[in-house]
Amino acid sequence: MLELNYIREHTAEVAERLAVKNIDATEALQSIIELDTKRRETQKELDDNLAQSNNIAREVGNLMKAGKASDASELKNRVAELKVIAKELAEKLDFIVAEQTQLLIQLPNVPHASVPKGKTAEDNQIVHSEGRMPELPAGSVPHWDLAVNYDIIDFELGNKVTGAGFPFYKGKGARLQRALINFFLDEGIKAGYTEIQPPLVVNEASGYGTGQLPDKDGQMYFCQIDRLYLIPTAEVPVTNIYRDVILKASQFPVKNVAYSNCFRREAGSYGKDVRGLNRLHQFDKVEIVQIQHPDHSYETLEEMREHVASLLRKLELPFRIVKLCGGDMSFTSALTYDFEVWSAAQQKWLEVSSVSNFESFQANRMKLRFKDEAGKTRLCHTLNGSALALPRIVAALLENNQTANGIRIPAALATYTGFDLLT
RNA sequence: GGAGAGAUGGCCGAGUGGUCUAAGGCGCACGCCUGGAAAGUGUGUAUACGCCAAAAGCGUAUCAUGGGUUCGAAUCCCAUUCUCUCCGCCA
């Protein structure tokens, strides 16, 4: 949620920057500001009314104590009158605030000044490329075939037991999953992150805190009877640790790394993009989250970007980094780098990580603040990134490293799998 | 799931209808004292919104959350959430 004061003081600028995300917010912003004026007027009236009531109640108390109860009845009536007005004002205020919040909560984050204009992924900026795209031997196949040939991932079984998008990992496939999770976590810990094991379901307040609600309501699995959501990413429980928290400036940067299953309904997805591991309803991901002083969040974004790059380097995967254009960015982000690995058999780039700075957008929703040097309470900046999401990494590892003798496992990972050739 | 008890400021804890912007203690910050430190001592110590050009100041709200009773609620009533104890079930 954007900060109200900022909107009030930089209305034109906010509208301009939201236009980069292809959002015409002029009308919404206008309404928000009009509502804000009304809100303040109404609150002033209400506060004054309540102040009068409080004063009279105090007088009544004094009269009672002085034994002049009869003198108080006039005053009691006066408060009764004030109360009628107060009730109306309170209802009016609630209504205005609800309307304003509704508008505010639907407004996306403004993109950073460096974000390129654009509508779709086509307009994203490639900012870095690295690694060699392998020439695959004749007879090479995509990972969904390798999964069957080596009996390591069973999609059919997933269909039977649960449904599409919930595969079983078996034998060395399961071992490979576990190896990747441990590798990613260990690398995170080495980089100074504290490991967290979060709950896999969250309540409504947490969904709002990180911005999944109300924007992505239909994309999360929902457990009706307990009103809990299955997490689409560990970002949600981990960032919400800091909901309603006031940090000390000395605690920056807060660095957490968490492995979790992620659940996504992916409503509306179809076609060949969902083949094999390309898009699943349940998948594994290690997520890094940082909370930082507003003055340093962009340095932190670069640091996180470098961390993710180092992981891909160690996995010997060719990758590129793209800076997302306004139209392709998420609702909550101010600046996002996507990481894509080259999937040699599919002959395409697969997104494996998204590293974002949310500035104060999430912090404002969550009331995540800190005391600055002057003792003033201010909003923190939050950042997160996948480091990394497993399925597409597995797809690329299997495809890129297939040989006549088996699938080669990169050295950094072989320590964890216990084998350097998957046969 | 059943029965009972409870939820107060960063923490502990007092407070069962009016002076509660909540006693007392701990912690923390700053000062005094000291050669320095400890001890001692003094002062301060929440959040949000609003009024104000701004600071100071003032107003309103907040004692788990949401309603209600009352001129007046931390205190009484109702609902919800959470915690603890006992019983049941159970990885």
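In what follows, every chain begins at residue 1, and chains take the letters A, B, ... in the order their sequences are listed.
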Applying the 3.5 Å cut-off to both distances, the Watson-Crick or G-U partner of B:rA29 turns out to be B:rU43

Measure from CD1 on A:Ile85 to C1' on B:rU60 and round the result to the nearest Å.
-> 17 Å

Is the shortest distance from a Lys or Arg side-chain nitrogen in A:Asp36 or A:Arg39 to a carboxylate oxygen in the other one below 4.0 Å?
-> yes

Rounded P spacing from B:rA64 to B:rG15 in Å = 16 Å

What is the ring orientation for A:Phe331 with A:Phe361, classed by angle as parallel under 30°, tilted 30 to 60°, or perpendicular over 60°?
-> perpendicular

Between A:Asp284 and A:Asn261, is any side-chain donor less than 3.5 angstrom from a side-chain acceptor?
-> yes

Could you check A:Tyr221, A:Tyr208, A:Phe222 and say which one makes a ring pair (Phe, Tyr, Trp, His ring centres under 6.0 Å) with A:Tyr229?
-> A:Phe222

Please determine, for the side chain of A:Arg40, which listed nucleotide (B:rU60, B:rG50, B:rG18) has the closest atom?
-> B:rG50

Counting heavy atoms from C-beta on, name the nucleotide in B:rA61, B:rU47, B:rC49 closest to the side chain of A:Lys371.
-> B:rU47

A:Val79 side-chain proximity, nearest of B:rA61, B:rC71, B:rG50 | B:rC71

Sort out the partner of B:rU75 for me: Watson-Crick or G-U wobble, both distances under 3.5 Å, none otherwise.
-> none

Could you verify whether a donor N or O on one side chain and an acceptor N or O on the other, from A:Glu13 and A:Tyr6, lie under 3.5 Å apart?
-> yes

How is A:Lys367 classified with respect to the nucleic acid when contacts are heavy atoms under 4.0 Å: base, sugar-phosphate, or nothing?
-> nothing

Among the candidates B:rC71, B:rC49, B:rU60, find the nucleotide nearest to the side-chain atoms of A:Ala51.
-> B:rU60

Spacing between A:Leu50 atom CG and B:rC71 atom C1', to the nearest angstrom | 14 Å

Nearest-Å distance for atom pair CG/P, residues A:Leu4 and B:rA48 = 14 Å

Sort out the partner of B:rA38 for me: Watson-Crick or G-U wobble, both distances under 3.5 Å, none otherwise.
-> none

Considering every strand shown, what is the Watson-Crick or G-U wobble mate of B:rG88 when both distances are under 3.5 Å?
-> none

Under a 3.5 Å limit for both distances, which nucleotide forms a Watson-Crick or G-U wobble pair with B:rA23, could you say?
-> none

A:Asp244 CG to B:rU65 P, straight-line distance once rounded to whole Å = 11 Å

Please tell me which of the listed nucleotides, B:rG50, B:rU60, B:rG72, lies nearest to the side chain of A:Ala57?
-> B:rG72

Where the side chain of A:Thr377 is concerned, which of B:rG18, B:rA48, B:rG59 is the nearest nucleotide?
-> B:rA48

Among the nucleotides B:rU47, B:rA61, B:rG59, whichever has the atom closest to the side chain of A:Asn54 is B:rA61

Return the nucleotide paired to B:rG6: Watson-Crick means purine N1 to pyrimidine N3 with N6-O4 or O6-N4, wobble means G-U with N1-O2 and O6-N3, both under 3.5 Å.
-> B:rC82

Are A:Arg58 and B:rG72 close enough that a side-chain N or O sits under 4.0 Å from OP1 or OP2?
-> no

Does the side chain of A:Lys83 get closer than 4.0 angstrom to OP1 or OP2 of B:rG72 through an N or O atom?
-> yes

Decide whether A:Asn109 and A:Glu359 meet the rule of one side-chain donor and one side-chain acceptor closer than 3.5 Å.
-> no

Span that lies between the C1' atom of B:rC28 and that of B:rG9, in whole angstrom | 14 Å

Specify the separation, in whole Å, of atom CD of A:Gln52 and atom P of B:rC71.
-> 17 Å

So what's B:rG59 paired with, Watson-Crick or G-U wobble, going by both distances under 3.5 Å?
-> B:rC49

Could you check how far CG of A:Leu93 sits from C1' of B:rC51, rounded to whole Å?
-> 15 Å

Atom CG of A:Leu46 and atom P of B:rG59: how far apart are they, to the nearest Å?
-> 16 Å

Tell me yes or no: between the side chains of A:Thr336 and A:Ser333, is some donor less than 3.5 Å from an acceptor?
-> yes

May I ask you to verify if any side-chain N or O of A:Arg369 is less than 4.0 angstrom from the OP1 or OP2 atom of B:rA48?
-> yes

Atom CG of A:Asn77 to atom C1' of B:rC71: distance rounded to whole Å?
-> 9 Å

